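Here the structure is laid out as C-alpha cells; the discussion comes afterwards.
Letters A, B, ... are given to chains in the order of the sequence lines, protein chains preceding strands, and every chain is numbered from 1. In this text, all values refer to a predicted model and were calculated from it rather than measured experimentally.
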Amino acid sequence: MKIQKLNQNKDFRRAYAKGKYAAHPLLVTYAVKNRLGESRLGITASKKVGGAVQRNRARRIITAAFRPWENKIKNGYDIVLVARTATTLARSTQIEPVLKKHLHKLGLLEHDEKTSSVSDPAVPQAHL
RNA sequence: CGAGCAGGUGAAACAGCAGCAUGUACAGUGCCGAAAGGCCGUGCAUGAGGAAAGUCCGGGCUUCACAGGGCGAGGGUAGCUGCUAACGGCAGCCGAAGGCGACUUUAGGGAAAGUGCAACAGAAAGAUACCGCCGUCUUUGACGGUAAGGAUGGAACGGCGAGGUAAGAGCUCACCAGCGUGCGGGGAACCGCACGGCUAUGUAAACCCUACCCGAAGCAACACCGGAAAGGGACCGCUACCGUUGGCCCGACGGGUCCCGCUUAGGUGGCUUGAACCCUUUGGCGACAAAGGGUCUAGAAAGAUUGCUGUUCACGACAGAACUCGGCUUACACGCCUGGUCGCGUG
RNA sequence: GGGGGCGUAACUCAGUUGGUAGAGUGUCACACUGGCAGUGUGGAAGUCGUGAGUUCGAGUCUCAUCGUCUCCA
C-alpha cells in the first residue's frame with residue numbers, strides 16, 4: 001500500500017486539533033482517521049528546529065526512519081510527524097524505535113503483534 | 001629564522017548495501033483514461049554554494065501605461081580617465097588621512113546663488129568692544145581708536161616672527177595656509193612657478209544649487225486549458241401549461257440556445273543554451289576585449305544526494321538552488337600556492 | 001519567492017526643523033486609618049535592539065546587522 005503525501009494546511013490543523021498524539025524529545029506523532037480509504041503522511045519541521053539545512057536534515061532522517069513501516073500502516077489514517085530541535089543531532093537508527101513505539105501506542109499497525117516495551121533511547125547531546 | 005602586507009585557490013576522500021529526483025533506453029497485448037497522456041518495473045547518466053544567505057544596486061524576461069519632444073514633481077549618483085549589456089560595480093591615476101615599509105582607508109562636486117541652524121557658555125557665532133590697551137574731554141564717568149593680551153567655546157576678520165605705532169592693525173616684510181589671475185606640464189582630476197588684493201567660520205548623510213541617470217510592478221509576473229454559483233448582451237419564443245405580483249383582465253418577471261465575463265479550486269507552460277563554463281594565443285599597466293578549440297553542467301512543487309556500515313586524514317566552519325545573470329554586503333573551521341615589505345643572523 | 005512596517009522605563013505608548021529623554025499603569029517610601037482599600041506627597045527605575053559613520057553634539061540623519069509583525073496564491 002503506497003502512502004500518499006499530506007500537504008494541505010487544513011489537514012495538518014485537523015490532525016493537531018482532533019488527532020491522538022504521542023510525544024518524545026526526538027519526535028512527535030499525530031494521527032487522525034480520514035474517510036479516503038488510504039493513509040497519508042506529512043512530515044514537518046518548524047523554524048524553531050533551525051535553518052534550511054537543519055530542517056532538511058530533520059525531514060530526511062524521519063523519512064528514513066519511517067521507510068520500514070511504510071507497508072505496515074492501516075488504511076484510512078492521516079499521520080503527521082513533527083521534528084524537534086534534538087532531531088537534527090540524532091541518527092535515523094535512534095528515531096526508528098521511537099516511531100515504532102508511537103505507532104503501537106496509536107494503533108496504526110496492521111499486525112498488532114505484542115512487542116516488549118521499547119525503552120526510550122537517550123537524547124543525543126549537542127556536542128555530538 | 002621571525003613579524004607583517006597583497007592576491008589567488010580548495011571547501012575531506014574512498015568503498016559496500018538501501019533509498020530519492022530528473023533525463024534516457026528497454027520490457028510487460030500490466031493498470032487508469034474516449035483520447036492526448038499518466039502510473040507501475042529494470043538498466044545507464046546526471047544531481048546545491050562560495051557565499052545558494054541578506055534582498056542593497058544594476059540588467060534579461062513578462063504584463064500594464066506610453067506618438068515624439070519639452071517643462072515640472074519624486075528618487076538616485078557625485079575627484080578624473082577608462083572597462084562593462086548595465087550599475088551606486090571594477091581597474092588605473094589624482095587629492096586627503098594612516099603606516100618605518102610592503103600597503104591600507106576614503107558619500108571626495110558647490111558654503112563669494114540664496115535660506116535655515118550653531119543648545120549651554122560667551123560682549124559678540126560674519127557680526128560684534130565685556131575686561132584690557134591708547135587718545136580726548138566737562139574724570140568714581142562719557143566719547144573715539146584698537147582684535148596684540150585676558151575670558152567662553154568644537155569654532156572668534158588666517159598662523160608665527162620682525163619692523164612699525166599714541167596703542168594697535170597685512171599697515172610693511174620673510175616663511176607657511178587659503179582665494180583669484182596669468183604662464184608652463186598633463187588626455188583629465190591635478191601639479192609646478194610668478195603676480196595680486198590681503199579675506200571669506202562650521203554644517204549640504206539641513207533645505208538647496210550644478211551635472212548626469214531613472215515609466216510602474218514583479219515568475220505568487222504572465223500565457224494557455226478548464227470554468228461552480230451570481231451577472232451582462234444577442235437571438236428564438238411571446239403559444240400552451242404552471243408559479244409570483246393582482247380581487248379579476250391586460251401587463252411584467254421566472255424559460256431555451258449562443259456569446260462575453262469578475263472571482264475561485266485544479267492542470268500545463270514560463271524552467272533552463274546562458275552577456276554560460278574550460279583551455280590556448282594575441283592586445284592592454286589593469287579592469288577587460290578579440291580569435292581559435294572543447295563541453296552541456298540540478299530544474300523540484302510539502303519541495304530531490306540522504307540513511308546505515310567500514311577505512312584514512314588535516315577530525316570537517318558558515319551553510320541548502322526555487323525564473324535567471326552581473327555586482328555589493330554579511331557569516332565562516334582549516335589547508336595550499338604566488339609576489340612584495342620590515343627586522344635579526346650568516347656569507 | 002517578493003513587497004511594507006515596528007524595536008524608547010517592568011507593561012502600554014509620546015518624543016515637529018539634530019541641543020540635558022517624557023506620560024499613564026505598576027513599584028518603593030511617607031502621611032491620613034485601629035487595620036485594609038482609597039487618596040495625597042515624594043522618589044527610584046533608560047546601553048533609546050546592536051555596530052560603524054556624518055556632526056562641536058545623534059532617540060532623531062546615513063550605512064550595515066539582529067529580532068519581530070504584516071501583505072501578495
Side-chain angles (χ1 to χ4, degrees):
Chain A
M1 182 64 223
K2 186 69 181 176
I3 303 283
Q4 298 296 311
K5 284 172 176 175
L6 186 67
N7 59 4
Q8 290 296 305
N9 188 28
K10 59 179 182 182
D11 295 328
F12 279 90
R13 278 186 287 141
R14 199 172 74 92
Y16 296 147
K18 300 187 175 177
K20 295 180 293 183
Y21 71 93
H24 186 270
L26 289 174
L27 183 70
V28 183
T29 306
Y30 290 85
V32 68
K33 278 185 182 173
N34 61 28
R35 296 175 182 170
L36 300 175
E38 58 186 5
S39 286
R40 298 184 297 180
L41 174 70
I43 301 172
T44 68
S46 78
K47 242 180 180 177
K48 247 190 294 182
V49 174
V53 173
Q54 283 74 32
R55 291 158 67 190
N56 279 344
R57 172 166 169 81
R59 276 201 293 265
R60 284 192 297 249
I61 291 171
I62 293 172
T63 307
F66 185 78
R67 192 171 296 124
W69 306 100
E70 190 171 350
N71 295 317
K72 302 176 185 173
I73 299 293
K74 285 183 183 173
N75 281 340
Y77 283 93
D78 286 346
I79 302 169
V80 175
L81 304 176
V82 181
R84 290 189 152 178
T85 314
T87 312
T88 321
L89 306 165
R91 292 176 168 274
S92 73
T93 47
Q94 293 173 301
I95 303 287
E96 202 195 323
V98 178
L99 180 64
K100 183 182 181 183
K101 191 184 174 191
H102 285 182
L103 294 177
H104 274 292
K105 181 181 175 185
L106 300 175
L108 296 172
L109 297 179
E110 279 182 332
H111 311 295
D112 208 359
E113 74 245 22
K114 199 63 187 171
T115 54
S116 57
S117 62
V118 186
S119 62
D120 285 0
V123 178
Q125 298 302 305
H127 58 76
L128 290 175

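- No side-chain heavy atom of A:Lys100 sits under 4.5 Å from any side-chain heavy atom of A:Leu103.
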Pairwise N/O distances under 3.5 Å, protein to nucleotides 298-300 of chain B:
none

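- Separating the C1' atom of B:C213 from that of B:A304 is a span of 45 Å, rounded to the nearest Å.
- On the C1' atoms, B:C90 is 11 Å away from B:G326, given to the nearest whole Å.
- Judged by Watson-Crick or G-U wobble contacts below 3.5 Å, the nucleotide B:A216 has B:U63 as its partner.
- In this structure, A:Arg59 atom CZ and B:A301 atom P are separated by 14 Å, rounded to whole Å.
- Base pairing analysis places B:C26 opposite B:G41; the two distances defining the Watson-Crick or G-U wobble pair are each below 3.5 Å.
- In this structure, CG of A:Asn56 is placed 13 Å from C1' of B:C20, rounded to the nearest angstrom.
- Across the P atoms, B:A11 and B:A48 are found 12 Å apart, a figure rounded to whole Å.
- The CZ atom of A:Arg60 sits 8 Å away from the C1' atom of B:G320 (whole-angstrom rounding).
- In this structure, B:C120 makes no Watson-Crick or G-U wobble pair, since no nucleotide meets both defining distances under 3.5 angstrom.
- Across all strands shown, B:U181 is found opposite B:A194 as a Watson-Crick or G-U wobble partner, with both distances under 3.5 Å.
- Classified by its glycosidic torsion, B:G126 falls in the syn category, the angle being within 90° of 0.
- Residue A:Ile43 is grouped with residue A:Trp69 when hydrophobic side chains (ILVMFWY) are merged at heavy-atom distances under 4.5 angstrom, including chains of intermediate members.
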Please list, pair by pair, any protein nitrogen or oxygen found under 3.5 Å from a nitrogen or oxygen in nucleotides 308-312 of chain B.
{"from": "B:C308", "atom 1": "OP1", "to": "A:Arg91", "atom 2": "NH1", "distance (Å)": "3.4"}
{"from": "B:C308", "atom 1": "OP1", "to": "A:Ser92", "atom 2": "N", "distance (Å)": "3.2"}
{"from": "B:C308", "atom 1": "OP2", "to": "A:Arg91", "atom 2": "NH1", "distance (Å)": "3.2"}
{"from": "B:U309", "atom 1": "OP2", "to": "A:Arg91", "atom 2": "NH1", "distance (Å)": "3.3"}

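- With its glycosidic angle more than 90° from 0, B:G284 is assigned anti.
- Residues A:Gln54 and A:Thr44 both approach RNA chain B. Their nearest nucleotides, taken by heavy-atom distance, put A:Thr44 toward the 5′ side.
- Here the straight-line distance linking atom OG1 of A:Thr44 with atom OH of A:Tyr30 works out to 9.0 Å at 0.5 Å rounding.
- Distance check, rounded to the nearest 0.5 Å: OG1 of A:Thr87 to CD of A:Gln54 gives 12.0 Å.
- Judged by distance alone, the side chain of A:Glu96 and the main-chain N or O of A:Thr93 form no donor-acceptor pair under 3.5 Å.
- Across the C1' atoms, C:U17 and B:U201 are found 22 Å apart, a figure rounded to whole Å.
- Base pairing of B:G33: no nucleotide in any strand meets the Watson-Crick or G-U wobble criterion (both distances under 3.5 Å).
- For the C1' atoms, the distance linking B:A314 with C:C69 amounts to 46 Å, nearest Å.
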Item to check | Derivation and outcome, side chain to side chain contact (heavy atoms under 4.5 Å, CB included), residues A:Leu106 and A:Ile79 | outcome: CA-CA 10 Å; A:Leu106 300 175; A:Ile79 302 169; over 6 Å; no
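- Applying the Watson-Crick and G-U wobble criteria (two distances, each under 3.5 Å), B:G7 pairs with B:C337.
- The NE2 atom of A:His102 lies 9.0 Å from the CG atom of A:Leu26; values are rounded to the nearest 0.5 Å.
- Residues A:Val80 and A:Tyr21 fall within the same hydrophobic cluster, defined by Ile, Leu, Val, Met, Phe, Trp and Tyr side chains chained together at heavy-atom separations under 4.5 Å.
- Of all nucleotides listed (B:G19, B:A304, B:U306), B:G19 comes nearest to the side chain of A:Arg67.
- Contact record, A:Ala86 with A:Pro25: CB-O, 3.9 Å, taken as the closest heavy-atom pair.
- Classified by its glycosidic torsion, B:G168 falls in the anti category, the angle being over 90° from 0.
- Atom CD1 of residue A:Ile62 and atom CZ of residue A:Arg67 lie 13.0 Å apart, to the nearest 0.5 angstrom.
- Comparing B:G284 with B:U306, their P atoms are spaced 49 Å from each other, to the whole Å.
- Residue A:Arg55 contributes atom CZ, which lies 12 Å from atom C1' of B:G303 at whole-angstrom precision.
- Scored by the side chain to side chain donor-acceptor pair (under 3.5 Å) test, A:Arg55 finds no partners at all (sequence neighbours excluded).
- Taking the P atoms as reference points, B:G76 lies 27 Å from B:A53, given to the whole Å.
- With rounding to the nearest 0.5 Å, the separation of NZ in A:Lys33 from OH in A:Tyr77 is 4.5 Å.
- Nucleotide B:G82 forms a Watson-Crick or G-U wobble pair with B:C90, both donor-acceptor distances falling under 3.5 Å.
- The gap from the P atom of B:A265 to that of C:C72 amounts to 13 Å, rounded to the nearest Å.
- Looking at residues two or more places apart in sequence or on another chain, you find a side chain to side chain contact (heavy atoms under 4.5 Å, CB included) between A:Ile61 and A:Arg57, A:Ser92, A:Ile95.
- Glycosidic torsion of B:G114 falls outside 90° of 0, placing the base in anti.
- To the nearest 0.5 Å, atoms CZ (A:Arg84) and CG (A:Leu89) are separated by 14.0 Å.
- Look at CD1 on A:Ile62: it is 14 Å from C1' on B:U306, rounded to the nearest Å.
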Checklist entry - According to the Watson-Crick and G-U wobble definition with distances under 3.5 Å, which dot-bracket string, read 5' to 3', encodes RNA chain C, using [ ] for crossing pairs and | for pairs with another strand? => result (((((((..((((.....[..)))).((((((.....)))))).....(((((..]....)))))))))))).
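- Rounded to whole angstrom, the span from the CD1 atom of A:Ile43 across to the C1' atom of B:C20 amounts to 13 Å.
- Here B:A48 sits opposite no nucleotide as a Watson-Crick or G-U wobble pair (both hydrogen-bonding atom distances under 3.5 Å).
- Glycosidic conformation of B:U297: syn, with the torsion inside 90° of 0.
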